[in-house]
Amino acid sequence: MLTTSRLLFLLALVLAVLGVRVPAAEAQQILAMVNGSPITTYDVAQRQKLLQVIGEKPPGAKETLEELIDQHLKVSAANRAGMQMDDEDVDKLFASVASRSGRTPEQLAALLGQQGVNAQTFKNKLRADNVWQQYVRQRAPAINVRDSDVIAALNRNGPVELVATEYKLYPIIFVVPRSSNAYQARLSEANAFKARFNGCDAGLAAAKAMREVVVRSPVYRLSSDIPAQLRQILDKTEIGRLTPPEVTQTGVEIFAVCGKTDVKGESSQKREIKDQLASSQFQAESKKLIAELRKSSLIVYR
């Protein structure tokens with residue numbers, strides 16, 4: 001049987017191999033064992049620092065420990081259900097977050113490091129959140145927001161005039177093969193192309209002439225059907241210009257905004273309210289599933 005001191009030694013050794021800076025021994029105290037896996041004071045401190053960096057108020061140490069226990073249970077349950085994310089997919093998710101903030105993955109990792117956060121801490125959270133969403137939606141298919149619920153919420157404070165914007169978008173993809181690691185180079189190409197894009201007609205023709213760049217057929221999206229963050233980006237992007245590039249599983253994607261039309265009978269508020277109602281349902285189902293997992297798991301506090 002491994003003693004606590006032996007387990008701490010092995011944990012420190014693994015962290016050293018992974019290139020993680022190991023704090024003093026006393027900072028590596030094990031706080032809980034979850035189905036045989038340790039959660040330490042280092043893990044708790046890392047999560048609290050991460051939340052500070054991303055602009056959230058971190059909870060106390062006890063609440064943070066419970067979040068990490070839940071995170072472990074989420075990943076384990078999703079893995080058993082066949083919903084794993086390999087490291088390459090997690091790296092792409094991390095790169096996508098970086099690109100949305102106008103940084104490369106290396107720059108985001110450096111920013112986190114400056115605040116004392118190991119990038120792997122953020123990646124672990126991204127992995128858990130992603131697979132858990134899949135897990136909850138598979139186990140709780142009843143999550144469904146009816147249009148009547150959305151309209152009722154919209155009109156709660158009086159009748160609302162429904163007007164939305166329809167965007168005409170051309171997806172432009174700077175292709176990156178799955179086995180390649182050329183995301184940073186392609187991201188730089190996409191940013192350079194964005195700077196010289198000079199209108200949809202000439203710009204799209206130029207994109208089609210580029211190597212390993214795919215221009216897809218136009219898509220039409222209503223502001224009432226897209227998330228608020230994307231809607232803000234599209235509203236700020238002038239017609240004939242490109243949105244900021246984003247890393248996806250197929251490469252680096254950027255959208256040419258080639259039209260905006262007002263459409264009556266819809267509203268961007270509908271999407272916001274629908275998201276809020278769906279989020280409430282999701283959180284309720286998530287809490288039920290976590291409670292079930294805790295009952296069937298071995299959690300030992302130290």
Side-chain angles (χ1 to χ4, degrees), residues 83-109 119 123 126-127 129-131 133-134 137 164-261 263 266 268 271 275:
M83 300 170 187
Q84 300 96 338
M85 280 189 74
D86 60 29
D87 290 342
E88 184 178 352
D89 288 334
V90 175
D91 286 342
K92 289 179 180 178
L93 196 56
F94 183 80
S96 179
V97 173
S99 69
R100 287 199 296 270
S101 67
R103 299 178 177 88
T104 65
E106 292 76 13
Q107 289 171 335
L108 179 56
K123 291 180 181 181
L126 291 174
R127 185 197 303 271
D129 291 345
N130 187 280
V131 297
Q133 284 187 9
Q134 299 177 50
R137 296 190 188 285
T165 302
E166 183 182 65
Y167 308 99
K168 181 181 180 181
L169 309 171
Y170 281 84
I172 302 172
I173 301 166
F174 290 71
V175 179
V176 177
R178 185 171 178 81
S179 58
S180 174
N181 194 26
Y183 281 93
Q184 186 170 350
R186 299 250 74 184
L187 187 60
S188 298
E189 286 183 60
N191 277 313
F193 182 67
K194 178 178 181 294
R196 64 177 187 270
F197 193 84
N198 58 351
C200 288
D201 291 338
L204 292 173
K208 292 176 182 177
M210 296 174 70
R211 235 181 124 183
E212 296 184 331
V213 172
V214 175
V215 179
R216 290 182 175 166
S217 300
V219 294
Y220 296 85
R221 294 288 183 267
L222 282 172
S223 59
S224 56
D225 292 333
I226 60 178
Q229 184 178 14
L230 177 56
R231 187 172 67 249
Q232 290 171 5
I233 292 174
L234 293 176
D235 286 341
K236 291 178 182 177
T237 305
E238 298 176 1
I239 295 175
R241 307 298 291 179
L242 297 178
T243 62
E246 182 174 349
V247 175
T248 68
Q249 296 215 352
T250 55
V252 176
E253 189 170 27
I254 198 167
F255 288 92
V257 179
C258 297
K260 297 181 182 182
T261 307
V263 177
E266 292 290 342
S268 58
R271 174 66 190 226
D275 286 348

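Side-chain atoms are counted along with the backbone in the values below, which use heavy atoms only and exclude waters and symmetry mates.
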Would you name the heavy atoms of [X] and [Y] that are closest together and state the gap between them?
{"X": "P105", "Y": "F94", "answer": "O-CE2, 3.4 Å"}
{"X": "A182", "Y": "V176", "answer": "N-CG1, 4.2 Å"}
{"X": "I233", "Y": "T237", "answer": "O-OG1, 2.8 Å"}

| Worked check of side-chain hydrogen bond (donor to acceptor under 3.5 Å, both in side chains) between N130 and Q134 | CA-CA 7 Å; N130 187 280; Q134 299 177 50; 2.8 Å; yes
| field | Of all pairs that satisfy disulfide bond (SG atoms under 2.5 Å apart), the ones with a partner from residues 206-257, not counting sequence neighbours | value | none
| said: I'd like to check the ring-ring contact (aromatic ring centres under 6.0 Å, His included) partners of Y183; sequence neighbours left out, ordered by chain and number. | reply: none
Less than 3.5 Å apart, which donor and acceptor atoms pair up between the side chains of residues 198-222 and the rest of the protein, not counting sequence neighbours?
none

Atom pair [atom1]/[atom2] of [X] and [Y] - distance to nearest 0.5 Å:
{"X": "L242", "Y": "L169", "atom1": "CG", "atom2": "CG", "value": "11.0 Å"}
{"X": "L108", "Y": "S99", "atom1": "CG", "atom2": "OG", "value": "10.0 Å"}
{"X": "T250", "Y": "K92", "atom1": "OG1", "atom2": "NZ", "value": "8.0 Å"}
{"X": "D129", "Y": "L93", "atom1": "CG", "atom2": "CG", "value": "9.0 Å"}
{"X": "L187", "Y": "Q184", "atom1": "CG", "atom2": "CD", "value": "7.5 Å"}
{"X": "I254", "Y": "F197", "atom1": "CD1", "atom2": "CZ", "value": "8.5 Å"}

| Pairs involving residues 233-254, ordered by first then second residue, that meet salt bridge (Lys or Arg N to Asp or Glu O under 4.0 Å) (sequence neighbours left out) | R100-E246
| Tell me the salt bridge (Lys or Arg N to Asp or Glu O under 4.0 Å) pairs involving residues 182-198, sequence neighbours left out? | R186-E189
| field | Side-chain (K168) to main-chain (T261) donor-acceptor, under 3.5 angstrom | value | no
| Do any N or O atoms from the side chain of S223 and from the backbone of T165 form a donor-acceptor pair under 3.5 angstrom? | yes
| Worked check of side chain to side chain contact (heavy atoms under 4.5 Å, CB included) between Y167 and F255 | CA-CA 11 Å; Y167 308 99; F255 288 92; over 6 Å; no
List, one per line, each side-chain donor-acceptor pair under 3.5 Å for residues 84-91, sequence neighbours excluded.
residue, atom, partner, partner atom, Å
Q84, NE2, N79, O, 3.3
D86, OD1, E88, N, 3.3
D86, OD1, D89, N, 2.8
D87, OD1, R127, NH2, 2.9
D91, OD1, K123, NZ, 2.9

